[in-house]
Amino acid sequence: MQYWLMKTEPDECSIDDFAATPDQVIRWDGVRNYQARNFMRDMAIGDEVFIYHSSCAKIGIAGIVRVTRTAYSDPTQFNPESAYFDKRSKPDNPRWDAVDLKFMRKFARILTLDELKNVAELADSPLIQKGNRLSVIPFSKVERDSVLVKV
DNA sequence: GCCAACGTTGGC
DNA sequence: GCCAACGTTGGC
């Protein structure tokens with residue numbers, strides 16, 4: 001079992017979108033950063049993922065989802081209609097991957113970025129480092145547990 | 001809306 | 001393979 005955090009703008013996809021369809025998977029596509037993609041390729045079925053709301057009024061961790069399908073070719077990269085279209089990606093050698101996720105839990109409140117900055121166990125996480133734009137971040141069990149006790 | 005930080009691109 | 005220019009992320 002591994003632990004992760006994924007950033008999302010809640011206007012695009014929020015913990016409420018997962019909670020609204022708890023029996024359905026949501027495809028996490030549109031990741032266009034190699035480091036983030038490589039982390040997605042390390043995900044296993046059952047891994048827990050913190051959902052982090054960014055670029056919004058209430059920034060922070062909103063809940064947990066679970067990986068239900070490991071990395072596969074992200075279909076949006078081949079769709080010219082998609083905002084995530086990548087004309088340089090070839091079907092016989094796709095650049096970008098998606099995973100499928102399913103709702104686990106919505107926190108009673110958002111764990112705000114300000115709070116997370118004060119969690120000693122997260123001091124070394126890219127999550128709270130200024131200027132870090134990594135959208136898929138691995139969490140150790142210690143880091144994950146340090147978040148859960150705050151809920 | 002601003003802008004610092006950072007990743008990617010492409011000319012050389 | 002260097003690096004300037006550019007585009008994007010994301011907190012504020």
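Proteins get letters first, then strands, A, B, ... in listed order; numbering begins at 1 in each. Since the model is a prediction, treat every value here as computed from it, not as a measurement.
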Pair Trp28(A), Val49(A) - check side chain to side chain contact (heavy atoms under 4.5 Å, CB included), show working. CA-CA 12 Å; Trp28(A) 199 270; Val49(A) 181; over 6 Å; no

Ring centres of Tyr34(A) and Trp96(A) under 6.0 Å apart? yes

For a 4.0 angstrom threshold against heavy atoms of chain A, report the outermost contacting nucleotides of DNA chain B in 5' to 3' order. dA4(B) to dT9(B)

Does Arg144(A) come within less than 4.0 Å of Glu48(A), counting only side-chain N to carboxylate O? yes

Do the charged groups of Asp29(A) and Arg27(A) touch, with an N to O distance under 4.0 Å? yes

Any chance the side chains of Thr76(A) and Arg32(A) put a donor and an acceptor closer than 3.5 Å? yes

Between the CZ atom in Phe50(A) and the CH2 atom in Trp4(A), the distance rounded to the nearest 0.5 Å is 13.5 Å

Residue-level proximity of residues 106-129 of chain A to DNA chain C when a heavy atom falls under 4.0 Å: Leu113(A), Lys117(A)

Tell me if a side-chain donor or acceptor on Arg105(A) pairs with a main-chain N or O of Gly63(A) at a distance below 3.5 Å. no

